[in-house]
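Model, not experiment: these values are computed from the prediction. Positions are given from 1 along the sequence. Below, all heavy atoms of this structure are taken into account, side chains as well, without hydrogens, waters or symmetry copies.
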Amino acid sequence: MDINLKPVTAAAAGIDTSGEEQYRILIDSITDYAIFLLNPEGYIISWNTGARQIKGYEADEIIGKHFSTFYTQKDIADNHPAKELVKAIADGKYEEEGWRVKKDGSVFWANVVITPIYDKNKQLIAFSKITRDLSERKKAEDDLYRAFEELKESEERFRLLIEGVTDYAIFMLDPAGNVATWNHGARRMNGYEAHEIIGKYFSRFYSQELIAEGFPDYELRQAKEHGRFEDTGWRYRKDGSAFWANTVITAIYNSQKELIGFSKITRDLTDKLKLEQQLFRMNEELRESEEKSRLMIDSVKDYAILMLNPEGIVMSWNEGAERIKGYNPKEIIGKHFSAFYSRESIASGFPQYELKKAQEMGRFEDEGWRIRKDGTAFWANVVITPIYNSKKRLLGYSKVTRDLTERRRNEELMHKNSELIKINNELDNFVYAASHDLKAPITNLEGLLQALREDLGDSLSKHEVLLSYMGSALGTLKNVIADLSDVTKLNHEQELPEDVQIQDMLEEIKIGLQPYIEHTDALVQCTNMEFTTLRYSRKNLRSILFNLVSNAIKYSDPKRSPVVNISSTITEEGVYELSVQDNGLGLAPSQIGKIFSLFKRAHDHVEGSGIGLYLVKRILDNAGDSIEVESEEGVGSRFIVSFRQSKN
């Protein structure tokens, strides 16, 4: 390949190398670096296209504002921006890599170089600030660089900006590739004075091999075709020593879209070349660690874990917080955490008291009512812990909240159950004592009634009806006392379960109810039996079936003969259900919830004590089983008894 190394002068190309316009064009053309000026107090006084692209601000939005706008809340809290300017003055420059913030609030990993700029009298007049977005780069310092921002100040400031940069070689090439301008950074990096290099073809920075391959000319062609060209590789100084450089060449056009030259920015990366992989690995490990921590916190659903700034403003929000409190992150981040408290707590200053106590004691823990987004209250356990940096500066608070509403409700229920158990025990003792004490007087009354019958002699027939009523009343009273005794025995008797044949037991019950069955012409039968054997206390199962079947016959409709169907089924959940269905009088909806209470009866015209269904319910409750009823007036009722059966 033929290489034309004949130099072409800047004058021949029509470029005024001494003018300040070239500097302005140079800065405005760079889109990969944010290069702008700060006044001595750190306020932005110029802004270029690259800064707008990287940070998102238009010039009229950002010029005049403090450069701390680009820093995270943590850096601002640490007064980091001001420290950078102090270090830049003390050391001649300041360089670092860290997180910066764009206009839209997103963050990016930036390389920043701040250089103080002095006038001829060595008075500080500004700072140059060059920032590069390295977020997407896999290797440190090899990514796209920030373009210079459009400067709004005088041509002198443009010149000072370029001349003040010493860590970047920033210069212009004419359309043929000859050096047209030369800054201090280029002189320091490449070793040439301006008069030694201006007008010379830029290939002298390359190795003989690259020159032979036509690589410098290739770079210019690529910059023309694509607008810019970036490369990292070995370059050579005036003394022949090599350095590892990152180079960006950008084609520059005038308003008529005519090529007038190229901007070329070079940075010496030699000292960082060996550290890049190590830094990259450390950065990746940090990212992975932060990501794991974030994922861990976000995955916690039973705890609301959030961060507050020192003033109590919500700064982070996890999935558990959203589930417990009802807010999504956009709705709550940036608001004060007192939003979770009642008006009374806010009025009394309790949220601020929590933060104060957390600072004093190192942590604060409390249980109390908190408010969700929808206004409902929940009982919460709250732990607030202050967070400090290495310099003991308060950065904020961690706040962990757990919803204990269910636990509190269970504690209240347990307390109520304890009271009910106490009342029931006292009632059982009373009923037991009363039924025991009443047996003797009833026996005496029966003896007296029998003696009265004998004493009446021939007059017995005159009083037979009255004596019959008295005998019936005594019989009813004996039955009630017997039923009450059965109720009290439930809490004291523990009978081992056994395999009971349901149909055999039903036949025994039918024999005991034979007079009722014959009197009403009732039909009692088993139908659709999915299981015929039940492991249960024989005595208790007989009591359950006896009461349900006898009630079905007792409360039959006088217009039709009673039909009682007993069936069994096993649900998908493995629950054994035994049903007793009749075609009797049925129940009104208002009566369904009352029939299992003691002495409650739905039909008073039928003789009964109102204890049978209560006894059934107590037996089932004691065993952890249950009963439900479906009924319709004039149609009949269906009692469904659910039994838990062990797999053993």
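For Y388, the OH atom counts as densely surrounded, since its 6.0 Å shell holds more than 12 non-hydrogen atoms of other residues, nucleotides or ligands.
Between the D268 side chain and the T270 main chain, a donor and an acceptor come within less than 3.5 Å of each other. Side-chain atoms of E331 come within 3.5 Å of backbone atoms of N328 as a donor-acceptor pair (strictly under, hydrogens ignored). Judged by distance alone, the side chain of S338 and the main-chain N or O of Y341 form no donor-acceptor pair under 3.5 Å. Between the side chain of K83 and the main chain of D78, a donor-acceptor pair closer than 3.5 Å is present. Looking at S135, its side chain does come within 3.5 Å of a backbone N or O of W109 through a donor-acceptor pair. Counting only distance, with no hydrogens or angles, the side chain of W182 and the backbone of H195 share no donor-acceptor pair below 3.5 Å. For the pair Q222 (side chain) and E219 (backbone), a donor-acceptor distance under 3.5 Å is absent. With T115 contributing its side chain and K93 its backbone, the two residues share no donor-acceptor pair below 3.5 Å. Checking side-chain atoms of R52 against main-chain N and O of A59 turns up no donor-acceptor pair under 3.5 Å. Using modelled atom types, one side-chain atom of N309 and one backbone atom of E311 make a donor-acceptor pair closer than 3.5 Å.
The pair K325-D374 does not meet the salt-bridge criterion, since no charged nitrogen lies less than 4.0 angstrom from a carboxylate oxygen. Using a cut-off of 4.0 Å between Lys/Arg side-chain N and Asp/Glu carboxylate O, K103 and E61 are scored as salt-bridged.
In terms of heavy atoms, I387 sits closest to Y397 at CD1-C, 4.1 Å. Heavy-atom minimum distance, A88 versus F127: CB-CE2, 4.3 Å. In plain terms, the two heavy atoms of P310 and L355 that are nearest each other are O-CD1, 4.5 Å. Considering all non-hydrogen atoms of both residues, L220 and G177 come closest at CD1-CA, 3.7 Å. In plain terms, the two heavy atoms of P116 and G92 that are nearest each other are CD-O, 3.1 Å. In this structure, N318 and Y303 approach most closely via the heavy-atom pair ND2-O, 3.3 Å.
A donor-acceptor pair shorter than 3.5 Å can be found between the side chains of E258 and N254. Donor-acceptor pairing under 3.5 Å is lacking for the side chains of Y206 and E213. Looking at E84 and Y71, their side chains do bring a donor and an acceptor atom within 3.5 Å of each other. For the residue pair N183/R188, the side-chain donor-acceptor check at 3.5 Å is not satisfied. No donor-acceptor contact under 3.5 angstrom links the side chains of D231 and T247, judged on distance only. Between the side chains of S342 and S345, at least one donor N or O lies within less than 3.5 Å of an accepting N or O.
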>> Show, in sequence, the C-alpha distance, side-chain angles and deciding distance for E230 and N246, and conclude whether the side chain to side chain contact (heavy atoms under 4.5 Å, CB included) test is met.
In response: CA-CA 7 Å; E230 181 173 356; N246 172 261; 3.1 Å; yes
>> Please evaluate residues F202 and N178 with respect to the criterion side chain to side chain contact (heavy atoms under 4.5 Å, CB included), reporting the C-alpha separation (whole Å), side-chain torsions for both, the decisive distance (0.1 Å), and the verdict.
In response: CA-CA 6 Å; F202 80 111; N178 298 308; over 6 Å; no
>> side chain to side chain contact (heavy atoms under 4.5 Å, CB included) for Y236 and S207? Distances and angles first, verdict last.
In response: CA-CA 7 Å; Y236 291 85; S207 67; 3.4 Å; yes
>> Walk me through whether I44 and L38 qualify under side chain to side chain contact (heavy atoms under 4.5 Å, CB included).
In response: CA-CA 5 Å; I44 299 166; L38 309 175; 3.8 Å; yes
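Using a 4.5 Å cut-off on side-chain heavy atoms (C-beta onward), I130 and Y168 make contact. Using a 4.5 Å heavy-atom cutoff, the side chains of Y192 and F205 are in contact. Under the 4.5 Å side-chain criterion, counting only non-hydrogen atoms from C-beta, K224 is in contact with L259. The shortest distance between side-chain heavy atoms of K356 and E360 falls below 4.5 Å. Annotation: side chain of Y327 is not in contact with side chain of I333 (no heavy-atom distance under 4.5 Å). Proximity of I117 to L37: side-chain heavy atoms (C-beta onward) are separated by under 4.5 Å at one or more points. Side-chain contact between N190 and R204: absent, with no pair of heavy atoms (C-beta onward) separated by less than 4.5 Å. By the 4.5 Å heavy-atom criterion applied to side chains, K264 and M172 are not counted as neighbours.
Here the CD1 atom belonging to I305 is positioned 9.5 Å from the OG1 atom belonging to T401, to the nearest 0.5 angstrom. Distance CG/L210 to OH/Y218: 12.0 Å, rounded to 0.5 Å. Rounding to the nearest 0.5 angstrom, the gap separating the CD1 atom in I324 from the CZ atom in R402 is 9.0 Å. Within the model, atoms CZ of F378 and CH2 of W369 stand 10.0 Å from one another, a figure rounded to the nearest 0.5 Å. The line from CZ of R235 to CZ of R267 is 16.0 Å long, rounded to the nearest 0.5 Å. For the atom pair I249 CD1 and F229 CZ, the distance stands at 7.5 Å (nearest 0.5 Å).
The salt bridge (Lys or Arg N to Asp or Glu O under 4.0 Å) test with E354 singles out one residue from R363, R370, K399, and that residue is R370. Tested against F337 for a side-chain contact (heavy atoms from CB on, under 4.5 Å), the candidates I332, L308, I313, V382 yield a single pass: L308.
Aromatic ring centroids of F340 and W317 lie under 6.0 Å apart.
Aromatic ring orientation, Y353 versus F364: perpendicular (interplanar angle above 60°, classes split at 30° and 60°).
A cation-pi arrangement is present between K55 and F70, with the terminal nitrogen or guanidinium carbon under 6.0 Å from the aromatic centre and inside a 45° cone about the axis.
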